[in-house]
Amino acid sequence: MAASCDSLLPLILLLCLSAQAVDRSNFKTCDQSAFCKHQRELKPGQSPYRALLDTLELSDSRLTLQLINDNNKVRLLLELYRLQGNMTRVKINELKPLKPRYEVPDVLISDPITEALSVVAQDENSLVLSLGGKDQRLIVSAQPFRLDIVEGPQVLMSLNSRGLLAFEHLRARKDTSISHKISSTVGSMWDSLKKEEDKPGMWEETFKSHTDSKPNGPSSISLDFSLPGVEHVYGIPEHADTLKLKNTDGSDPYRLYNLDVFQYELHNPMALYGAVPVLISHSTDRTMGIFWLNAAETWVDISSNTAGKTVFGKILDFVQVSNEVPQTDVRWISESGLIDVFIMLGPKPADVFTQYASLTGTQSFPPLSALAYHQCRWNYNDQEDVKTVDQGFDEHDIPYDFIWLDIEHADGKRYFTWDPSNFPQPKEMLQGLMDKRRKLVAIVDPHIRVDSGYKIHNEIRSKNFYVKNKDGGDYEGWCWPGNSGYPDFTNPEMRAWWASQFAYDQYEGSMENQYIWNDMNEPSVFNGPEVTMHKDALHGVWEHRDVHNLYGLYVQKATADGLILRSGGVQRPFVLTRAFFAGSQRYGAVWTGDNAAEWGHLKISIPMCLSLGLVGISFCGADVGGFFKHPSAELLVRWYQVGAYQPFFRAHAHIDTPRREPWLFGPENTALIREAIRQRYALLPYWYQLFYNTHRTGQPVMRPLWVEYPDDVATFSIEDEYLIGKDLLVHPVTDEGATGVTAYLPGKGEVMCFSTLNGFLSLPSLKYFLWVSHIPVFQRGGSIICRKDRVRRSSSCMENDPYTLYVAPSSQGSAEGELYIDDFHTFSFEVAKQFVHRHLSFSANTLSSRSVCSLFLYIFFFFFVSFSDGTESALEFEFGSTLAVLTLRKPGVNAAADWTVVLR
């Protein structure tokens, strides 16, 4: 079949508001959190725990033995598992707890596959277990109890080497009937227990006007990890701080406790909206990870023997041949639950990402439109306002895919409804957007207005699905609608009911081009302690303190399930969440919350999203322009230029800020914003391919330089530039008045090409350059990137347009890349294997394409490809000497077949 112009794959060959900052008094410090304060008072080197080696039991899947606290005689059960994929699992629980302790469900995608452990040596004080290949061993030392993971002569990681294991056993309060019964049963052991001092806050704790009744008493846990040879650790989001985690000696630990923080401060370890208890270490020798599976309030202390040393001090150590080996020590402290930790042994960065993905799953694969541009504010006033903004984008030739509605769209902030005055015909509004192949996102928050005339509230109450207070009544708190109830999303029956409410016959006025935003799901309780739920609230038999960090994950999961269910399982959902936990990547996107229109907030968005990507959540972005305050024109332009190169690209603003649609800052700035957005749309094929790959493998989309250049020490602390995939390096401009940046271009002997929409320029490895109005973006030499340079008003309008291949040869004259195509919005790629995934290669003036996966039959028809049967062709081409670009026009190749193009 002859090819039309639109069916071709052109080829370009590259030759070379007035809001105040957060009130910190509303949120606890470690000293104000009783369990953190008590645990931190423990001194290293005084561990009371001893392993009872004679209790060892070994099966095909695990090893167990008992630990005893020699101070109070309480026994713990240690479980060790060798997991498939070079991982080790360590669990510690009470041997005979007074009542069950909470064990986190629904985060692991399945029971991890175990491999056999074997004892290779044992004496009276130690036990050596084989962990498989490469001479890996797990050494259990009895007194004091300690675990060491070694490879040959090298210690990779040690547990309890500092003696900071602490496990507060459940107990009855003194002078109660239960305590007398236990005393008469266990005799002298109970006498030892009673000698333990009851410290302030163990049985009741007050913060400001709120009292936590703590009916189960103290239940906190702690364990330390030592990482010899490691100076750089990352992860444990969410914090508005540097990519490399800081030493916390002399300051608060990093806190993981999902909270609604109003205009957060920068560069401190206080908790924010989400919590992922995963830490990654990296050195030139190895990358490893620690996954602390606990959903309670958690604090993480980090100390390093190189912290505080100046560059001169480190050079002096080198010159004097210092024998001090760098080491980082990490201590995890959680309020309740048990110790359940996964040690991911790498050894490469990609291995750690794969290991973590095997435990908690990969990033959901979004519809293509979700990767395009989103326009949002609190709030678009009515249907006419939505129509006017939509028309404004067309009038100014700016593409966009989604317009968003915040809380004011609902009838009295009753979610799943529409304000009858301002949005009387929601289907008419949605149809108008659909006619232009655009979509809408509406907010659905998890606090439900207590109102007997509100169907959603009545059904939740009648089904007994609300979280309960400590006395057994429905828990109520204050949020946007006023007095609100909070559905118990830990209950699978509640989640199933919630999902059913997104059906078109339940959510009146909704259509298939409407998607959902879950905000305030930490959960936010305006009149609660730390603006969240009381810890002694009840989810069935469990206290809120046990499940707190899981709440947001469950809300997003139930919502995503609802969007899938309403389509009969056909359509991929898009759900944005503010609160998250480990595993949230399976359900949609996150954003960095209530930022401000300040240069510091623009700058910090980079390490915040990089940190999330390292722990599995690739679909991350920040509110472009800043949520609070009003940006200058320069800041807004720069923010669009940054947002265009972050995974989730949405502009958002507070209700009290002036309007800031892209065309309201003058023609010159409108043109710059338009150009930034158009760059995003041109690169959508590359973004889409990267999200497909992260869905398959868990490799982050937006990644620090050290992920691809793990031996280059200079990259280990860089956070003002980053990689999109492995082939685009971005160094955004994030300083006011900047006329240039200094970009570090990594790689020995690699060529980096300076990218614009017009061409590429080869640069050396390290270059200082001036760049006034564009984003410094580099394509890695040796890569092929697929783009769509014909930009239309939405991504859906571009589906049938031709692709353009940008080939940047390496110094050896070769290059390779990928092209991924499917229907862009359904699960057919997974269910029916209907997709095209090609490996593209260029060498010796020949460009070729072959299938990445030969096992699948591609049943796929699109009009933008031609279906010529030839497997080899010769093409004419033009060489533009000004831009050093070689352009091949109308190659007439089939995107779904193997082919070779020879340049003559």
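Heavy-atom basis, side chains included; hydrogens, waters and symmetry copies ignored.
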Which residues pass the ring-ring contact (aromatic ring centres under 6.0 Å, His included) test with His544, sequence neighbours left out?
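Listed in chain order: His539, His548.
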Residues forming a side-chain contact (heavy atoms from CB on, under 4.5 Å) with [X], sequence neighbours excluded:
{"X": "Val570", "answer": "Ser567, Thr826"}
{"X": "Ala558", "answer": "Phe489, Arg495, Trp498"}
{"X": "Leu553", "answer": "Phe581, Ser584, Tyr587"}

Over 60° means perpendicular and under 30° means parallel, so tell me whether Phe423 and Trp418 are parallel, tilted or perpendicular.
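Judged by the thresholds at 30° and 60°, the geometry between Phe423 and Trp418 is tilted.
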Mind telling me whether Trp404 and Phe648 have parallel, tilted or perpendicular rings, with 30° and 60° as the class edges?
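Answer is tilted, since the angle falls between 30° and 60°.
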Is any side-chain heavy atom of [X] closer than 4.5 Å to a side-chain heavy atom of [Y]?
{"X": "Asp445", "Y": "Cys479", "result": "no"}
{"X": "Val386", "Y": "Leu405", "result": "yes"}
{"X": "Arg578", "Y": "Asp594", "result": "yes"}
{"X": "Trp497", "Y": "Pro487", "result": "no"}
{"X": "Trp332", "Y": "Val341", "result": "no"}
{"X": "Thr559", "Y": "Trp517", "result": "no"}
{"X": "Arg696", "Y": "Tyr692", "result": "yes"}
{"X": "Asp406", "Y": "Arg377", "result": "no"}

Count the heavy atoms belonging to other residues, nucleotides or ligands that lie under 6.0 Å from CD of Glu459, then report whether that count exceeds 12.
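Result for CD/Glu459: enclosed.
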Would one find more than 12 heavy atoms of other residues, nucleotides or ligands at under 6.0 Å from atom CD of Glu265?
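Above 12, so yes.
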Determine whether His825 and Phe574 satisfy the following criterion, ring pair (Phe, Tyr, Trp, His ring centres under 6.0 Å), listing intermediate values before the conclusion.
CA-CA 10 Å; His825 61 95; Phe574 171 68; over 10 Å; no
Once side-chain hydrogen bond (donor to acceptor under 3.5 Å, both in side chains) is applied, do any residues pair with [X], and if so which ones, sequence neighbours excluded?
{"X": "Asn513", "value": "none"}
{"X": "Tyr820", "value": "Asp822"}
{"X": "Asp451", "value": "Arg414"}
{"X": "Trp542", "value": "none"}

Are side-chain N/O atoms of [X] and [Y] paired as donor and acceptor at under 3.5 Å?
{"X": "Tyr380", "Y": "Gln375", "result": "yes"}
{"X": "Tyr400", "Y": "Asp390", "result": "yes"}
{"X": "His447", "Y": "Tyr415", "result": "yes"}
{"X": "Ser524", "Y": "Asp260", "result": "yes"}
{"X": "Asp488", "Y": "Tyr475", "result": "no"}
{"X": "Gln514", "Y": "Tyr507", "result": "yes"}

For Cys609, check disulfide (SG to SG under 2.5 Å) against everything at least two apart and list the hits.
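For Cys609, the residues satisfying disulfide (SG to SG under 2.5 Å) (neighbours in sequence not counted) are Cys620.
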Asn518 vs Gln556, test: side-chain hydrogen bond (donor to acceptor under 3.5 Å, both in side chains). Steps then yes/no.
CA-CA 7 Å; Asn518 294 145; Gln556 189 185 23; over 6 Å; no
Set of residues satisfying salt bridge (Lys or Arg N to Asp or Glu O under 4.0 Å) with respect to Asp401, sequence neighbours excluded:
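In terms of salt bridge (Lys or Arg N to Asp or Glu O under 4.0 Å), with neighbours along the sequence ignored, Asp401 is linked to no residue.
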At their closest point, which heavy atom of [X] faces which heavy atom of [Y], and how far apart are they?
{"X": "Pro237", "Y": "Ser611", "answer": "CG-O, 4.1 Å"}
{"X": "Gly509", "Y": "Leu430", "answer": "O-CD1, 3.3 Å"}
{"X": "Leu550", "Y": "Pro105", "answer": "CD1-CD, 4.2 Å"}
{"X": "Ile724", "Y": "Tyr645", "answer": "CD1-O, 3.5 Å"}
{"X": "Met344", "Y": "Ile290", "answer": "CE-N, 3.9 Å"}
{"X": "Val261", "Y": "Ala271", "answer": "CG2-O, 3.5 Å"}

Hey, are Glu297 and Arg255 close enough for a salt bridge, meaning a charged N less than 4.0 Å from a carboxylate O?
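Looking at Arg255 together with Glu297, the answer is yes, because their closest N to O distance falls below 4.0 Å.
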Are the aromatic ring centres of [X] and [Y] under 6.0 angstrom apart?
{"X": "Tyr273", "Y": "Phe580", "answer": "no"}
{"X": "Tyr257", "Y": "Phe27", "answer": "no"}
{"X": "Phe649", "Y": "Tyr373", "answer": "yes"}
{"X": "Phe526", "Y": "Trp480", "answer": "yes"}

Supply the atom-to-atom distance [X] [atom1] to [Y] [atom2], rounded to the nearest 0.5 angstrom.
{"X": "Leu266", "Y": "His239", "atom1": "CG", "atom2": "NE2", "value": "13.5 Å"}
{"X": "Met702", "Y": "Leu614", "atom1": "CE", "atom2": "CG", "value": "10.0 Å"}
{"X": "Asn422", "Y": "Asp411", "atom1": "CG", "atom2": "CG", "value": "10.0 Å"}
{"X": "Leu723", "Y": "Leu610", "atom1": "CG", "atom2": "CG", "value": "9.0 Å"}

Verify side-chain hydrogen bond (donor to acceptor under 3.5 Å, both in side chains) between Tyr554 and Asp106, making sure each step is shown before the conclusion.
CA-CA 9 Å; Tyr554 279 135; Asp106 301 318; 2.4 Å; yes
Donor-acceptor pair, side chain of Ser484 and main chain of Gly482, under 3.5 angstrom:
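Side chain of Ser484 to backbone of Gly482: a pair is present.
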Under 3.5 Å, which donor-acceptor pairs link side chains of residues 359-370 to any protein atom two or more places apart or in another chain?
unit_1: Thr360; atom_1: OG1; unit_2: Tyr356; atom_2: O; d: 3.4
unit_1: Thr360; atom_1: OG1; unit_2: Gln585; atom_2: NE2; d: 2.9
unit_1: Thr362; atom_1: OG1; unit_2: His695; atom_2: O; d: 2.6
unit_1: Gln363; atom_1: OE1; unit_2: Ser618; atom_2: N; d: 3.0
unit_1: Gln363; atom_1: OE1; unit_2: Phe619; atom_2: N; d: 3.2
unit_1: Gln363; atom_1: NE2; unit_2: Gln585; atom_2: O; d: 3.2
unit_1: Gln363; atom_1: NE2; unit_2: Gly588; atom_2: O; d: 3.0
unit_1: Ser364; atom_1: OG; unit_2: Gly588; atom_2: N; d: 3.4

Check step by step if side-chain hydrogen bond (donor to acceptor under 3.5 Å, both in side chains) holds for Thr532 and Asn258.
CA-CA 9 Å; Thr532 194; Asn258 295 358; over 6 Å; no
With salt bridge (charged side-chain N to carboxylate O under 4.0 Å, His left out) as the rule and sequence neighbours excluded, what pairs involving residues 642-654 come up?
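Output for this query lists Asp623-Arg650.
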